[in-house]
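Here is the structure we will look at.
Below, each value reflects all heavy atoms present in this structure, side chains not excepted, and no hydrogens, waters or symmetry copies. Because the structure is a prediction, the values reported are computed rather than measured.
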Amino acid sequence: MATPAFEDIADTFEFLDDWEDRYRHVIELGKAMPPLDPAFRVPATKVEGCASQVWLLPRIEGQGPAARFDFQGESDAMIVRGLIAVLHSLYSGLTVAEVAKVDAPAELARLGLDQHLSSQRSNGVRAMVERIGMLAQAAAKG
């Protein structure tokens with residue numbers, strides 16, 4: 001299960017043979033995201049387990065399992081900000097029940113990110129995916 005926005009990224013990655021170009025594309029995706037208001041860069045929204053500073057702010061519309069999931073994110077590292085944008089494309093607009101069904105490692109492997117990120121970055125992505133899952137699960141319970 002992947003959103004059209006994520007499929008667009010996957011399609012673009014197929015055209016970009018060089019990893020330098022793919023990294024540049026990820027960074028551009030991050031630059032295109034709206035910035036997170038500094039007032040939300042607080043311990044409650046901070047993702048632990050990331051080498052960089054990362055904040056994720058949920059934006060849930062509705063109640064229960066059918067509520068629509070969205071979030072804003074921010075990082076002090078440009079590549080990580082881009083990875084947040086990739087995760088945003090993977091999850092945004094799904095119901096909170098659907099978020100739990102996304103196989104993020106498999107979807108990200110389609111982009112080859114699993115093989116081209118440092119272990120620190122991979123751990124950070126895993127921590128962000130876990131936080132997204134927890135946020136969606138909490139929203140599903142309403």
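Closest approach of P65 to V96, counting heavy atoms only: O-CG2, 3.4 Å. What you find for L36 and G73 is that their closest heavy atoms are CB-O, 4.2 Å. Y91 and A104 make their closest contact through OH-CB, 3.3 Å (heavy atoms, listed as atom of the first residue, atom of the second, distance). Closest non-hydrogen pair, L29 versus V86, comes out as CD1-CG2, 4.1 Å. Nearest heavy atom pair, residue R81 against residue G30, reads NE-O, 2.9 Å.
Distance alone, capped at 3.5 Å, is enough to place a donor-acceptor pair between the T3 side chain and the S89 backbone. No donor-acceptor pair under 3.5 Å is formed between the side chain of Q72 and the backbone N or O of L57. Between the side chain of R131 and the backbone N or O of K46 there is at least one donor-acceptor pair closer than 3.5 Å. Checked by atom type and distance alone, the side chain of D76 pairs as donor or acceptor with a backbone atom of Q53 at under 3.5 Å. The closest donor-acceptor contact from the side chain of E98 to the backbone of T95 lies under 3.5 Å. Here the side chain of R59 pairs no donor or acceptor atom with the backbone of F71 at under 3.5 angstrom. For H25 (side chain) and T12 (main-chain N/O), no donor-acceptor pair under 3.5 Å exists by modelled atom type.
A donor and an acceptor atom, one from each side chain of R121 and S52, are located under 3.5 Å apart.
Note that the CZ atom of R24 and the NZ atom of K31 stand 10.5 Å from one another [nearest 0.5 Å]. The line from CZ of F13 to CG of D21 is 10.0 Å long, rounded to the nearest 0.5 Å. Between the CZ atom of R110 and the CD atom of E7 there is a distance of 4.0 Å, given to the nearest 0.5 Å. Atom-to-atom distance recorded for L83:CG and L111:CG is 10.0 Å, nearest 0.5 angstrom. Residue C50 holds its SG atom at 8.0 Å from CD1 of I84, rounded to the nearest 0.5 Å. With values rounded to the nearest 0.5 angstrom, E130 atom CD is found 12.5 Å from E48 atom CD.
Inter-residue side-chain proximity for L87 and I132 is flagged as met; some heavy-atom pair is nearer than 4.5 Å. You'll find the side chain of I60 stays beyond 4.5 Å of the side chain of D70, heavy atoms only. Side-chain contact between L108 and F6 is present, with at least one heavy-atom pair separated by less than 4.5 Å.
Cluster partners of V42, using a side-chain heavy-atom cutoff of under 4.5 Å among ILVMFWY residues and allowing indirect links: none.
Among pairs with a residue in residues 123-142, none fulfils ring pair (Phe, Tyr, Trp, His ring centres under 6.0 Å), at least two apart in sequence or across chains. Counting only residues at least two apart or in different chains, ring pair (Phe, Tyr, Trp, His ring centres under 6.0 Å) contacts with residues 110-142 comprise W19-H116. Residue pairs that meet the ring pair (Phe, Tyr, Trp, His ring centres under 6.0 Å) test with at least one member in residues 35-65, sequence neighbours left out, do not exist here.
In terms of the side chain to side chain contact (heavy atoms under 4.5 Å, CB included) criterion, S119 has no residue partners (sequence neighbours excluded). Q137 pairs by the side chain to side chain contact (heavy atoms under 4.5 Å, CB included) definition with K141, not counting sequence neighbours.
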Checklist entry - Which is it for L56 and T45 under the side chain to side chain contact (heavy atoms under 4.5 Å, CB included) test, yes or no, and what are the steps along the way? => result CA-CA 5 Å; L56 296 179; T45 60; 6.0 Å; no
